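I have placed the structure first, in the form of structure tokens, so that the comments after it can refer back to it.
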Amino acid sequence: MVENGFQSSFMQEAAARGFIFQCTDPVALDEAMAKGSVAAYIGFDPTADSLHVGSLIQIMMLRLLQKHGHRPVALVGGGTARIGDPSFREEARRLMTEETIRTNLAGIEGCLRQFLTFGEGTSEAILVNNADWLDKLAYIDLLRDVGVHFSINRMLSFESVKNRLDREQGLTFLEFNYSILQSYDFRELNRRHGVTLQLGGSDQWGNIVSGVDLVRRTEQKSVMGLTTPLLTTSSGAKMGKTANGAVWLSEARLPVFDYWQFWRNTEDADVGRFLRLFTDLSLEECARLEALQGAEINEAKKILATEATALCHGRDLAQAAAEAARQTFEEGRVAAADLPVHIVPQALLAEGVPVFRLFVEAGLVKTNGEARRLVRGGGARVNNAVVQDENCVISEKDMVEGAIRLSSGKKHHVLVKIG
């Protein structure tokens, strides 16, 4: 036994790092993990062609499982994507086409492979698509085999359902079936791959408990559920969201430099917690960095940014992003290497373009009006110089080292180059 009461190495470290929120049977789970390898799954719905930081705590939980010799099972919801999870959503998701689902599944698989090692070994991850069984279900068979075990009263008590009904926004019968299908997934994974543990965020607790109950009733087997806390920053902001949108794990969606910057801009009070959750650094090193005070906390943030980025994009790209940030913020270089680059046709800069339009073209703002407000507020810079006139013309003569650096505030930068 150790101080937190667990005997298995996974439960000890998961508790110490802050991953555990709820568990259906922590004693039984701890005992099972102490005896041997446990197969555990998390489901990922393909709502986009990339996962984002909001899913990262789940991915890191799977990574931690693998570290301690257990088998991570990543379930992608090619079948449930046709319905959509109603959990904590204010309205129904738009139904996706088959082509969109396929594209999104491929993108999500790429994200998962950045963090997990897939293979046939007992501790190597496997990727499973629930379309393999959900697409073959016959409706009457599902009702007789599974539906009989679900209480409408209980399903109405789920927070995800109550929230939608309280807002009087309704819940379609299609969405109401989501919990049944997720429970069916747990049973199929138990039958096919020996999965005995479902992981998820705390918003999935009702669905997870339903799956545990279904397996108990129909298979006479004991399986378990474990949830992680839903994360917000110390200021109350939703984890993984910024003013510019989601913080994507795919480089095609978000430049590596911007991903690094997201972690570098962590609030002081969150540094220790995020080091424990989102890096592989030892608990002792996390505690040392968390204890830094004053200006030294910025060094801890740089380490957090580099370590988190290295997991997602590789050590070389993480270090390149760290060096680009150093050149940009500490040396003030205009064309620092590895800043995000936006290519424009030569004709655009040969003729010259109003600076507000160039900010829109480079993607730093979405509209001309937003660009003008940025300039008027003193937040727009060209080559480190504050823009005074929103209508001033930018052209090739403004290029330094082959690029024009545009900056929105202190944190968002793009190099405009001719292609």
Side-chain angles (χ1 to χ4, degrees), residues 6-8 10-11 14 20-43 58 61-62 65 68-77 79-80 83 85 87 122-123 125-158 160-161 176-228:
F6 295 117
Q7 57 181 323
S8 66
F10 170 80
M11 292 295 280
I20 299 176
F21 183 68
Q22 296 162 298
C23 184
T24 56
D25 193 339
V27 174
L29 178 57
D30 187 39
E31 290 176 351
M33 287 187 155
K35 290 178 181 177
S37 178
V38 169
Y41 94 96
I42 293 177
Q58 310 301 334
M61 180 74 106
L62 290 178
L65 273 167
H68 289 281
H70 303 289
R71 167 157 258 191
V73 177
L75 177 72
V76 289
T80 42
I83 295 177
D85 182 0
S87 297
T122 57
S123 65
I126 58 174
L127 188 72
V128 185
N129 186 342
N130 65 11
D132 291 346
W133 52 85
L134 294 184
D135 285 1
K136 301 172 184 176
L137 278 179
Y139 185 62
I140 298 300
D141 292 340
L142 177 66
L143 290 179
R144 288 174 58 87
D145 181 31
V146 178
V148 68
H149 299 293
F150 282 78
S151 162
I152 293 295
N153 290 347
R154 185 180 182 188
M155 295 173 74
L156 289 173
S157 71
F158 292 174
S160 56
V161 174
F176 196 61
N177 277 273
Y178 187 90
S179 180
I180 296 175
L181 296 182
Q182 185 169 318
S183 300
Y184 190 88
D185 286 345
F186 199 171
R187 192 178 74 172
E188 280 298 306
L189 290 170
N190 178 262
R191 288 176 173 179
R192 295 171 182 234
H193 302 287
V195 172
T196 56
L197 175 64
Q198 182 181 358
L199 305 169
S202 59
D203 60 326
Q204 293 295 318
W205 181 248
N207 292 336
I208 290 174
V209 170
S210 293
V212 169
D213 190 52
L214 177 64
V215 176
R216 178 185 62 81
R217 287 172 178 267
T218 62
E219 309 297 293
Q220 290 75 53
K221 291 181 180 179
S222 176
V223 294
M224 293 155 285
L226 178 68
T227 64
T228 57

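Please read these numbers as outputs of a predicted model, since none were measured by experiment. We number each residue from 1, following the sequence as shown.
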### Query
Is there a donor-acceptor pair under 3.5 Å between the side chain of Ser37 and the backbone N or O of Gly69?
yes
### Task
Could you tell me which residues satisfy side chain to side chain donor-acceptor pair (under 3.5 Å) with Asp25, sequence neighbours excluded, listed by chain and number?
none
### Task
Measure the spacing between CG of Asp213 and OG1 of Thr218 and express it to the nearest 0.5 Å.
9.0 Å
### Task
Can you spot which of Asn207, Val212, Leu75 makes a side chain to side chain contact (heavy atoms under 4.5 Å, CB included) with Phe186?
Val212
### Query
Are the side chains of Ile126 and Arg71 in touch, meaning some heavy atoms are under 4.5 Å apart?
yes
### Message
Measuring from atom OG1 of Thr196 to atom NE2 of His70, what distance do you get when rounded to the nearest 0.5 angstrom?
### Response
10.0 Å
## Note on the structure
side-chain contact (heavy atoms from CB on, under 4.5 Å) filter on Glu31, not counting sequence neighbours, yields Gln7, Val27
### Main-chain N/O of Gly79 paired to Asn130 side chain as donor or acceptor, under 3.5 Å
yes
### Message
Within the 4.5 Å heavy-atom criterion, are Leu214 and Ile180 side-chain neighbours or not?
### Response
no
### Query
Just how far is it from atom CZ of Arg217 to atom CZ of Arg187, taken to the nearest 0.5 Å?
13.0 Å
### Query
Taking C-beta and beyond as the side chain, do Trp133 and Leu189 meet within less than 4.5 Å on heavy atoms?
yes
### Message
I'd like to check the side-chain contact (heavy atoms from CB on, under 4.5 Å) partners of Gln58; sequence neighbours left out, ordered by chain and number.
### Response
Ile42, Phe44, Thr228
## Note on the structure
Taken to the nearest 0.5 Å, the spacing of Asp203 CG from Thr227 OG1 works out to 9.0 Å
### Task
Any chance you could measure His68, atom NE2, to Met33, atom CE, to the nearest 0.5 Å?
9.5 Å
### Query
Taking side chain as C-beta onward, heavy atoms only, is Leu226 less than 4.5 Å from Met61?
yes
### Task
Hey, could you give me the CD/CG distance between Glu219 and Asn190, rounded to the nearest 0.5 Å?
6.5 Å
